[in-house]
There are 2 protein chains.
Amino acid sequence: MLDKIEIALLSALENDARLSFAELGDKVGLSKTPCWSRVRDLEKRGIINGYRAELDPAAIGLNIHAFVQVTLESAKHVEFEAVVQRHPSIVRCFATAGDGDYLLQVLVSTIADLDRLLRVEISRLPGVDRISTTVCVKTVKHRTSIIDCMR
Amino acid sequence: MLDKIEIALLSALENDARLSFAELGDKVGLSKTPCWSRVRDLEKRGIINGYRAELDPAAIGLNIHAFVQVTLESAKHVEFEAVVQRHPSIVRCFATAGDGDYLLQVLVSTIADLDRLLRVEISRLPGVDRISTTVCVKTVKHRTSIIDCMR
DNA sequence: CCTGAAACAGCGCTGAC
DNA sequence: GTCAGCGCTGTTTCAGG
C-alpha cells in the first residue's frame, strides 16, 4: 500500500509542508523529479489532503478549548449537523458510538463566550437533549504526524 | 493584536500552506516583500507554529478513530504523561476539567489494535483507575482554519 | 522504477529606495 | 510600503540505465 519512500515523504511533509522538492529528495534519498511525481501521486490518491499552516490558538486569543458531548432526543441529525457545519466556533464534530451521539471540539476566547455557546447556541439546537462539557486545561500532546501510528 | 492583512494571511495559509509569497500577496493585496516579512513575523511571534501536510487516516489504513477518557487514581501524572508522549497510536492528549483527568485521541488500524491498546496498554499504565472509550463513527466536520473562530 | 540534464518562468530573500 | 536584482527552485520534458 505504501512503500518506505512514500512513508518517508509523508513523514517529512507532516513535519514541514513547505519543504522544496530538492530538500525533500535529500531527506528520502531521491532526486527531485521522482520526488515530485510521487508527491503528486500521493495527492491524487487522496492520501495527502492538503497543506495547512498550524496556528497556536492561544496566541490569537482563543484561550478556551472544550469538548462537548451532545445527545439528541430525536431524529434531528440532519438539521443538527447543518447548524454545526456553519457555526464558526465548532472546530470539529464527530458522530460517536457510546455515550452521546456527537462529540464537538470548540474554540472560543472567553468563558463568557463558552457559556453563551453552550447555553444559548448548542442547547437550543434542534433535537438536543443533553450536553456534557469538558474543558481542556492543558494540551499534553499534539502529534503532528499520524504516519507513525502505522507501525 | 492582529490586523486585517494578518488575518487574511493566516486564513490563506491555513487553507494552503504551500502558497508562494507572490500568490499570497495577490490574495491579501500586498507585494511579495512585505508579504514575506509579515509571514516571518507571524512565525516569530509563535502564531504560526509550522506547516503540515494533512493526511487522510483512512487512506493509509488507520480506520479506527476513538476518544479515551482516563481517570487517574493517584498522583501519577508525570509517569502517565511520559508514557502517553511516547506511544505512537496516541495522537493527542488533553488534561481536562470535568469527568476524567485526560482525554486521549487515538488512531489505530483495526478493532483488535484498539482492544489491545485499551486493555493492555492504557489500562495498565501507572495510576490509571478508569477508562471510558468513545468510538468515532463519522467525521461530521473538520475545520481546517481556526482563524474563523475569532469573529 | 530510477537518474541527470536542460529549459524557463517564477521563487525566496536581500538591499536600496 | 515599493522596486530591482541575484541565485536557486518548481515544473516539465527528454534521453538513458
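Chain naming here is simple, since letters A, B, ... match the order of the sequence lines and numbering starts at 1 in each.
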Find the distance [X]:[atom1] to [N]:[atom2] and express it as a whole number of Å.
X: A/R18; N: C/dG12; atom1: CZ; atom2: P; answer: 6 Å
X: A/E23; N: C/dC11; atom1: CD; atom2: P; answer: 17 Å
X: A/L30; N: C/dG4; atom1: CG; atom2: P; answer: 11 Å
X: B/L19; N: C/dG10; atom1: CG; atom2: P; answer: 16 Å
X: A/E6; N: C/dC1; atom1: CD; atom2: P; answer: 10 Å
X: A/D26; N: D/dC8; atom1: CG; atom2: C1'; answer: 14 Å

Any side-chain N or O of [X] below 4.0 angstrom from OP1/OP2 of [N]?
X: B/W36; N: C/dC13; answer: yes
X: A/S31; N: C/dG4; answer: no
X: B/R40; N: C/dC13; answer: no

Shortest non-hydrogen separation from B/D56 to A/G46 and the atoms involved
CB-O, 3.4 Å

Can you name the closest pair of heavy atoms from B/C136 and B/F67 and give their distance?
CB-CE1, 4.5 Å

same_hphob_cluster(A/L118, A/V84) at 4.5 Å side-chain heavy-atom cutoff:
yes

Nearest-nucleotide pick for [X], side chain only, options being [options]:
X: A/F21; options: C/dC11, C/dG12, D/dT11; result: D/dT11
X: A/R38; options: D/dT9, C/dC1, C/dT3; result: C/dC1
X: A/S20; options: D/dT9, C/dT3, C/dC11; result: D/dT9

Heavy-atom donor-acceptor pair, B/T33 side-chain to D/dC3 base, under 3.5 Å:
yes

Run the side-chain contact (heavy atoms from CB on, under 4.5 Å) test on A/V70 and A/F80 for me, step by step, so that the C-alpha distance in whole Å, both residues' side-chain angles and the decisive distance to 0.1 Å come before the verdict.
CA-CA 10 Å; A/V70 175; A/F80 177 79; 3.8 Å; yes

Single hit among A/R18, A/R52, A/E54 for side chain to side chain contact (heavy atoms under 4.5 Å, CB included) with B/Y51:
A/R18

SB check A/D113 A/R116 (cutoff 4.0 Å):
yes

Within this structure, what is the CG-CZ distance for the pair A/L104 and A/R92, rounded to the nearest 0.5 Å?
12.5 Å

Between B/G29 and B/K32, who's closer to the 5' end of DNA chain D by nearest nucleotide?
B/G29

Any chance you could encode DNA chain C as dot-bracket? Rule is Watson-Crick or G-U wobble with both distances under 3.5 Å; [ ] for pairs crossing earlier ones, | for another strand.
|.|||||||||||||||

